[in-house]
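Report on the following structure.
Numbering of residues begins at 1 and proceeds along the displayed sequence. Given the structure is predicted, the values throughout are model-derived calculations rather than measurements.
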Amino acid sequence: MTDVGPFGLTVRDKALEADVQAGLAAVEEGLFEATKSDVPFITGAAQHLVRAGGKRFRPLLVMLGAQFGDPHAPGVVPSAVVVELTHLATLYHDDVMDEADVRRGVPSANVNWTNSVAVLTGDYLFARASHILADLGPEAVRIQAEAFERLVTGQIMETAGPGEGRDPVQHYLDVIAGKTGSLIAVAGRFGALMAGADESAVSILTQYGERVGTAFQLADDVLDIASDSRESGKTPGTDLREGIPTLPVLHLRARAASPEATAEDRALLGLLDGDLTDDARHAEALAALRAHPALEQARQDTVRYANEARETLNPLPDCAAKTALSHLCDAVVHRAS
């Protein structure tokens, strides 16, 4: 058994391991090449998060999806670079919106430079991704454009909040499907599509990507509460401090509004609704939420989406790549454990 890639997926098949490792190494080279500029300052800013590392979850999914066709087809690695560049670009923008201090264990770009530099660097990465994408053909451009529209729509929906009478939990799950699931779905789709897999496999891997992507984001929600910065690479409770309604908090609000609400539920909700820019109050709220059943409820939701992703794979032929994709669901759940 071997860990493949920074995400730490365990693979038992040597041929698959070799293909995935080679593919991820080529993607890493592609990321550094794509983020070079004639202007040294731009290169430094654009490579800031590339050099910080990361899970490379999306490129990994491209490599595994490509196993259902020709994994060495010329479009596979560039499509993985496109997906990861797009993801990195959103991180620069997210850190500005969230006023984050740390990303992947290093100072965020907005702290290292300024908000303006971070936003413009994100825009630069979008431009570089588009340049590569143009060489992959009009179908790839259309797929990426549709996913990017969903991603931005999800971000706007999150900012606007649920409408009158809308269930906040369902609204949030729709936000996650757009913000995170859409691009991870593209990773599975590009891998299969660029490798020349049949239409059925492309469809299945797209659906799988959306579901495992949702589980992946829900695991991040749990990590924002449950982990320390050494585990997550981010400042714990960042979403909590900014008042972003992640799933554990939404479950708490639902419990506090129910007839079965306890004094503990209401007290914690009052704490969360207070000024969490105060470090002591923030630490108190974080500790209380870590001990509250709402966090376990969010963990169970993560497990449910990961299981749905696994079930989506059933029609695919049994092979090492299918087994690895199934194990990837376990790896996502393990992050939230």
Side-chain angles (χ1 to χ4, degrees), residues 86-87 89-100 119 122 126 143-186 206-207 209-225 237-262 265-277 282 285 289 292-306 308-309 336:
T86 303
H87 170 58
T90 66
L91 297 184
Y92 281 83
H93 289 180
D94 281 352
D95 285 345
V96 171
M97 294 181 67
D98 298 344
E99 299 180 3
V119 169
F126 283 132
I143 290 169
Q144 176 78 351
E146 289 176 352
F148 192 56
E149 179 183 350
R150 287 189 61 204
L151 191 157
V152 174
T153 298
Q155 184 67 70
I156 293 171
M157 287 172 61
E158 180 181 66
T159 303
E164 186 69 28
R166 174 79 161 139
D167 175 24
V169 171
Q170 187 56 55
H171 171 84
Y172 181 70
L173 292 173
D174 290 343
V175 165
I176 294 308
K179 274 187 60 179
T180 304
S182 62
L183 191 59
I184 294 179
V186 167
T206 303
Q207 295 172 55
E210 178 119 0
R211 288 170 172 79
V212 80
T214 298
F216 185 84
Q217 181 57 56
L218 296 183
D220 264 5
D221 285 0
V222 172
L223 280 172
D224 184 64
I225 304 299
T238 296
D239 292 336
L240 198 64
R241 188 185 294 275
E242 297 302 319
I244 297 172
T246 56
L247 195 60
V249 174
L250 291 172
H251 280 319
L252 170 65
R253 291 191 180 280
R255 289 173 66 98
S258 72
E260 293 80 24
T262 66
D265 296 333
R266 290 188 287 267
L268 177 52
L269 185 58
L271 188 61
L272 295 182
D273 285 339
D275 180 14
L276 294 184
T277 61
H282 177 263
L289 193 52
H292 194 275
L295 185 62
E296 180 57 30
Q297 192 174 356
R299 283 194 178 100
Q300 291 306 314
D301 288 331
T302 304
V303 171
R304 175 166 57 86
Y305 274 95
E308 288 178 2

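- Atom OG1 in T86 sits 11.0 Å away from atom CG in L91 (nearest 0.5 Å).
- Between the D273 side chain and the G270 main chain, no donor and acceptor come within less than 3.5 Å of each other.
- Checked by atom type and distance alone, the side chain of H282 pairs as donor or acceptor with a backbone atom of G237 at under 3.5 Å.
- T246 has its side chain within reach of Y172: a pair of non-hydrogen atoms, C-beta onward, lies under 4.5 Å apart.
- Going from atom CG of L289 over to atom CG of L240 covers 6.0 Å, rounded to the nearest 0.5 Å.
- Residue L247 forms a side-chain contact (heavy atoms from CB on, under 4.5 Å) with just one option from I225, L295, L218, and that option is L218.
- Here Q217 pairs with T180, D221 under the side chain to side chain donor-acceptor pair (under 3.5 Å) rule; sequence neighbours left out.
- Here S258 contributes atom OG and R253 contributes atom CZ; the two are 14.0 Å apart, rounded to the nearest 0.5 Å.
- Residues Q170 and D174 have side chains in contact (heavy-atom distance under 4.5 Å, counting atoms from C-beta outward).
- Panel note: side chain R241, backbone T277; a donor-acceptor pair is recorded below 3.5 Å.
- Closest approach of Y305 and A215 over heavy atoms only: CB-CB, 3.8 Å.
- A donor-acceptor contact closer than 3.5 angstrom is absent between the side chains of Q297 and D301.
- Here the shortest heavy-atom pairing between A185 and T206 reads CB-O, 3.4 Å.
- With sequence neighbours excluded, the residues that form a side chain to side chain donor-acceptor pair (under 3.5 Å) with Q207 are S203.
- Between L250 and P245, the shortest heavy-atom distance links the atoms CD1-O, 3.4 Å.
- To the nearest 0.5 Å, the span separating NE2 on H171 from CD1 on I176 amounts to 9.5 Å.
- Summarising the local packing, CD of E149 is surrounded by 12 or fewer heavy atoms from other residues, nucleotides or ligands at distances under 6.0 Å.
- Although no hydrogens or angles enter the test, the distance criterion places no donor-acceptor pair under 3.5 Å between the side chain of R166 and the main chain of G161.
- The closest side-chain heavy-atom distance from Q300 to H251 is not below 4.5 Å.
- The CD atom of E210 sits 11.0 Å away from the CG atom of L183 when rounded to the nearest 0.5 Å.
- Annotation: side chain of P293 is in contact with side chain of R255 (closest heavy-atom distance under 4.5 Å).
- Nearest heavy atom pair, residue A285 against residue L268, reads O-CD1, 4.1 Å.
- The distance from atom OG1 of T262 to atom NE2 of H292, rounded to the nearest 0.5 Å, is 5.5 Å.
- Partners of A89 according to the side chain to side chain contact (heavy atoms under 4.5 Å, CB included) rule, which considers only residues two or more places apart in sequence or in another chain, are L125, F126.
- What you find for A256 and A261 is that their closest heavy atoms are O-CB, 3.3 Å.
- In terms of heavy atoms, P248 sits closest to A298 at CG-CB, 3.8 Å.
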